[in-house]
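A quick write-up on the structure given underneath.
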Amino acid sequence: MIEKSQHVMLCGEGAELFAREQGFEAMPASYFETEYRREQLRDVQKRNEISLDHNDHKYGTVGCVARDSRGDLAAATSTGGVTNKHPGQVGDSPMIGAGTYASNTGAAVSATGFGEAFIREIVGRDIAAFIQLAGLSLEEAVRRKVMVDLPPIGGNGGVIAISATGEPVLMFNTPGMYRASISEGGEVKIGIYAD
Ligand code: ASP
């Protein structure tokens, strides 16, 4: 996006038009329908609930944060979605500053979890602001949002984040979060449950 347009964010039909202009293939909505997800929908509709696409161990989100050799930070989040949501509901994942955020002097952050709480807590931007304005380390800033601010309002989930100096922090307040990181030297860390 940053290479192909001057805009930071596009949505709806305009975003789809942009994707087609860039040569991406579009699939009909039916392509994304699976019996597994239909069953999930029927199940939560029966209980008149709204739920995340997750099981006991994981949320369905895929997120990525990175720092390149010039020191530019980037974040991206593909949500696992919310089942039985009201049409028009917007989660935290596409909301810049909430579930996805990057600022070179702060941090890059990608979140997963109960999005409504992550929006209320403006998680990504707050983490960067704690670093820029309050002098916290990335670890301290992430801990404050994930372990202190989110749990009281039902904000189950976690974030992956990387600092301006390339230090990764992967933290969650749930039993597990599928995660991995790789450093400049090639050191790989992979985890599912708490360390
Ligand atoms: N945070 C996402 C949302 O509320 C859910 C997820 O983790 O996939 O949209």
Side-chain angles (χ1 to χ4, degrees), residues 1 8-12 15-16 19 27 29 31-45 47-66 74-103 107-129 141-162 168-181 190-194:
M1 186 76 183
V8 168
M9 190 169 182
L10 298 173
C11 73
E16 286 179 9
M27 304 305 286
Y31 173 85
F32 300 97
E33 281 187 35
T34 64
E35 192 40 42
Y36 175 71
R37 294 286 280 145
R38 281 238 158 255
E39 184 55 41
Q40 264 187 333
L41 177 61
R42 280 193 290 268
D43 190 48
V44 294
Q45 278 176 338
R47 287 180 277 122
N48 199 22
E49 283 175 2
I50 297 166
S51 86
L52 294 172
D53 169 31
H54 71 281
N55 59 31
D56 291 344
H57 307 308
K58 66 170 190 68
Y59 293 100
T61 305
V62 179
C64 180
V65 292
T77 313
S78 169
T79 179
V82 176
T83 304
N84 201 27
K85 67 182 186 179
H86 194 282
Q89 183 262 5
V90 180
D92 64 311
S93 306
M95 211 173 272
I96 304 302
T100 306
Y101 187 69
S103 155
V109 180
S110 174
T112 180
F114 180 60
E116 314 294 344
F118 283 71
I119 293 170
R120 289 196 174 104
E121 281 297 324
I122 320 174
V123 170
R125 175 59 203 152
D126 259 11
I127 289 171
V142 170
R143 188 170 298 284
R144 167 69 192 268
K145 292 313 292 181
V146 173
M147 300 306 192
V148 179
D149 293 347
L150 283 167
I153 59 166
N156 300 333
V159 310
I160 55 170
I162 191 165
V169 172
L170 303 90
M171 200 182 289
F172 46 97
N173 58 33
T174 47
M177 182 175 82
Y178 287 37
R179 61 198 186 278
S181 66
I190 298 173
I192 298 179
Y193 302 107

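Just the heavy atoms: all of them, side chains too, but no hydrogens, waters or symmetry mates, feed the values below. Whatever order the structure lists ligands and atoms in, that order sets their numbers, starting from 1.
- Salt-bridge check for Glu35 with Arg38: failed, with every basic side-chain N at 4.0 Å or more from each acidic carboxylate O.
- Within the 3.5 Å criterion, the main-chain N or O of Glu49 finds a donor-acceptor partner in the side chain of Asn84.
- Not a single heavy atom of Gly157 sits less than 4.0 Å from an atom of ligand 1.
- Of the N or O atoms in Thr61, one or more lie within a sub-3.5 Å distance of an N or O in ligand 1.
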Salt bridge (charged side-chain N to carboxylate O under 4.0 Å, His left out) evaluation trace for Arg144 with Glu121: CA-CA 11 Å; Arg144 167 69 192 268; Glu121 281 297 324; over 6 Å; no
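- More than 12 non-hydrogen atoms from other residues, nucleotides or ligands lie less than 6.0 angstrom from CZ of Arg179.
- Which parts of ligand 1 touch Gly81 is read off a 4.0 Å heavy-atom cut-off, strictly below it: atoms 8 (O).
- Remark: ligand 1 atoms within the under-4.0 Å shell around heavy atoms of Asp92 are 1 (N), 2 (C), 3 (C), 4 (O), 9 (O).
- Within the structure, the closest approach of Ser93 to ligand 1 falls below 4.0 Å when heavy atoms are considered.
- The only option from Thr83, Ile50, Val82 that meets the side chain to side chain contact (heavy atoms under 4.5 Å, CB included) definition with Val44 turns out to be Thr83.
- Close contacts between ligand 1 and Gly80 involve ligand atoms 8 (O) [criterion: under 4.0 Å to a heavy atom].
- For Gly113, a nitrogen or oxygen atom sits less than 3.5 Å from a nitrogen or oxygen atom of ligand 1, counting backbone and side chain alike.
- In terms of polar-atom proximity, defined here as any N/O pair under 3.5 Å, Gly115 does make such a contact with ligand 1.
- No N or O atom of Gln89 sits closer than 3.5 Å to an N or O atom of ligand 1.
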Leu150 vs Val123, side-chain contact (heavy atoms from CB on, under 4.5 Å): CA-CA, chis, key distance, verdict: CA-CA 9 Å; Leu150 283 167; Val123 170; 3.9 Å; yes
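- Listed by atom number, the atoms of ligand 1 under 4.0 Å from Gly91 heavy atoms are 9 (O).
- The side chain to side chain donor-acceptor pair (under 3.5 Å) test with Ser110 singles out one residue from Thr100, Thr61, Thr77, and that residue is Thr77.
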